[in-house]
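Input: a single structure, listed below in structure tokens.
Throughout, a chain's letter reflects where its sequence line sits, starting with A, and its residues are numbered from 1. Please read these numbers as outputs of a predicted model, since none were measured by experiment.
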Protein chains: 2
Amino acid sequence: MVKKHLAVAIPASVIADTPHLREKTSKIGYIGRAAAIFRVNEIIVYADNPKIEQNVDLDLIATLLAYMETPQYLRKHLFGLKPELQYAGILPPLRTPHHPLEGRIRDLKVGEYREGVAISKTEDRSLIDIGVEKPAIIQQTQVDMNKRLTVKVTKIGNEVEAKIATREEIPQYWGYIVSVERRSMFALLESGEFDLTVATSKLASSFKKTAERLEQKWSKAKTPLILFGAPTRGLYEIAKDEGANLNGVVDFVLNTVPNQGTETVRTEEALLATLAVFNIQFDN
Amino acid sequence: MVKKHLAVAIPASVIADTPHLREKTSKIGYIGRAAAIFRVNEIIVYADNPKIEQNVDLDLIATLLAYMETPQYLRKHLFGLKPELQYAGILPPLRTPHHPLEGRIRDLKVGEYREGVAISKTEDRSLIDIGVEKPAIIQQTQVDMNKRLTVKVTKIGNEVEAKIATREEIPQYWGYIVSVERRSMFALLESGEFDLTVATSKLASSFKKTAERLEQKWSKAKTPLILFGAPTRGLYEIAKDEGANLNGVVDFVLNTVPNQGTETVRTEEALLATLAVFNIQFDN
């Protein structure tokens, strides 16, 4: 199995039927959790309804997902007191390896990776807050202030020394990035970023048959995308409104919740269910 | 495949780490939804920690799940103004066939099933509120007042006539019942109500191998039970506290979320993920 960059796309209207920010926050919390449980690398929030202005919802969802994915000790650096974060306190913790519970130098280990932000620099080095008593030192100044970066701890003495690392070199799951596609689902699919695209729909036929054809392609895919619709407007309808036929613009359409007992499955439910099924069917 | 009575058991401490009633309500909402999506027939809430008093939590979870499963037009009859229902307004609708959106006689069909409650009776008949303008008449008086029952519409004229029906005769998914096991997980397993018991645990070995052995038994089981632990205390630990070894008291232990990206999977997440996997693996 090749190493994957797994992306999922969710529509802006996922929170449209939830009137209060507190429950919107809670719903986005479930989405972030589902993504982290199943090692999703990128969550894309896309505009799914050209008839209405969706920028506020797109930004709200993206901000909350990014906040949730940020280690607690970096949140103050990276997020101000935004009104959309009013209920961020109810977001469940991700409990991923990049959100360490340890906040002391004596618990650090050489070779450990930490997320950090540069808080100052001199002529030849930068100081990085990595969530312990003292900032770590890196022998490099080509870093942006107050932007996230990943470092690897190289020495622990009077000072903590570290070097910049890439996400690719880290063996564990290291969180997701968040992107926004403000144009449309179609624009996202046209971007050419994905080598395999899978849509979920309750109108699709039997899972098992499609799964057999998908399995081989999935095992070879490096940048697969799983696309989710909104409960009130499924992906066939969203595609149709954009003048497209869903079957023509994605590689596979799957029903991952056959024989559903409820009239609709909400996006956050479909996301968790689909990722659970993919995890068992294709990754074991 | 035999017709199943599928039961799931969730621990009282599922809401223990959520301080506010509003988020407890939201979490229970996800549990009720997951159960309905995957056609669960019974949700059992069990006491999982003998060291603490859990009756308040057991009752809260059971009340909210039962409220959610009750068609909207019967909720006032069956639930008073209980303080634990303060945030019931945020519970998502189930959208199951037994929660019809139609509330008028002209939309009723002969042969249709409806949930109802008896609101009065005369010598030879009873009046049942089935959520339309006028109560339906059944030619029977052996019914409890203000208790739920299921009826089948037999005639629509000046009056709506109906007869009592059983859940078993209804072809569609017709909601879940809620039970409480106040003693322990072990007491639940000892009850003899289940012909197949499956526990979920992140400590269990590879899903695929166990699934092959489970598949046959699952297809024959009439009263299977899937058991869930709490995020802070898995089923092995819960069993151990009761002096039992999990492997010895259930038929199968499965990990339905192999390679999880997060340290823990919450009960409501494990429930949805597990039911999604079972739905694809065993029911198609």
Side-chain angles (χ1 to χ4, degrees), chain A residues 17-20 22-23 25-27 29-30 33-40 87 89-90 92-99 101 172-176 206-209 211 231 255-266 268-281 283-284, chain B residues 17-20 22-23 25-27 29-30 33-40 87 89-90 92-99 101 172-176 206-209 211 231 255-266 268-281 283-284:
Chain A
D17 65 342
T18 310
H20 198 285
R22 188 157 167 166
E23 276 73 43
T25 303
S26 158
K27 188 177 277 202
Y30 278 92
R33 283 280 310 168
I37 291 170
F38 294 106
R39 291 163 282 113
V40 165
Y87 298 105
I90 65 166
L94 280 193
R95 306 288 311 274
T96 43
H98 77 309
H99 285 204
L101 298 177
Q172 302 122 300
Y173 174 64
W174 206 250
Y176 54 78
S206 150
F207 175 82
K208 282 242 161 130
K209 269 189 198 155
N255 181 2
T256 51
V257 188
N259 308 315
Q260 63 190 56
T262 55
E263 177 61 24
T264 50
V265 175
R266 288 154 175 256
E268 66 277 19
E269 296 160 345
L271 179 71
L272 190 70
T274 301
L275 292 171
V277 166
F278 271 58
N279 187 44
I280 291 288
Q281 290 276 320
D283 280 359
N284 263 350
Chain B
D17 65 340
T18 310
H20 198 285
R22 189 157 168 169
E23 276 73 45
T25 303
S26 159
K27 188 176 276 202
Y30 277 92
R33 284 280 309 168
I37 292 170
F38 295 105
R39 292 164 281 112
V40 165
Y87 298 104
I90 64 166
L94 280 194
R95 306 289 309 276
T96 43
H98 78 309
H99 285 202
L101 297 178
Q172 304 121 298
Y173 174 65
W174 207 250
Y176 54 78
S206 149
F207 176 83
K208 282 238 162 135
K209 270 191 199 153
N255 181 2
T256 52
V257 188
N259 307 316
Q260 63 191 55
T262 55
E263 176 60 25
T264 51
V265 175
R266 288 156 174 253
E268 66 277 20
E269 296 160 346
L271 179 71
L272 190 72
T274 301
L275 291 171
V277 166
F278 271 58
N279 187 44
I280 291 288
Q281 290 276 321
D283 281 359
N284 262 352

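Every residue two or more places apart in sequence or in another chain that forms a side chain to side chain contact (heavy atoms under 4.5 Å, CB included) with B:A273 is listed here: A:F38, A:A276, B:V257. In terms of the side chain to side chain contact (heavy atoms under 4.5 Å, CB included) criterion, residue partners of A:T96 (sequence neighbours excluded) are, by chain and number, A:A36, A:L94, A:H98, A:H99, A:Y173, B:T262.
Across every non-hydrogen atom of B:G261 and A:R39, the tightest pair is CA-CG, 3.8 Å. Taking every heavy atom of both residues into account, A:V265 and B:R33 meet most closely at CA-NH2, 3.8 Å. Taking all atoms of both residues into account, the shortest heavy-atom contact from A:I280 to B:Q281 is CG2-NE2, 3.5 Å. For the pair B:E269 and A:L272, the tightest heavy-atom approach, listed with the atom from each and the gap, is O-CD2, 3.5 Å.
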**OP:** Just do the side-chain contact (heavy atoms from CB on, under 4.5 Å) check on A:R95 and B:Q260 with the steps written out, would you?
**Re:** CA-CA 11 Å; A:R95 306 288 311 274; B:Q260 63 191 55; over 6 Å; no
**OP:** Output, in order, the C-alpha distance, side-chain angles, deciding distance and verdict of side-chain contact (heavy atoms from CB on, under 4.5 Å) for A:Y30 and B:R266.
**Re:** CA-CA 10 Å; A:Y30 278 92; B:R266 288 156 174 253; over 6 Å; no
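Ranked by heavy-atom pairs under 4.5 Å with chain A, the list B:T274, B:L275, B:T256, B:I37 is led by B:I37.
For A:P19, no part lies near chain B; criterion is any non-hydrogen pair under 4.5 Å. B:T18 does not touch chain A: none of its heavy atoms, backbone or side chain, sits under 4.5 Å away.
For the pair A:E23 and B:Y87, the minimum side-chain heavy-atom distance is 4.5 Å or more.
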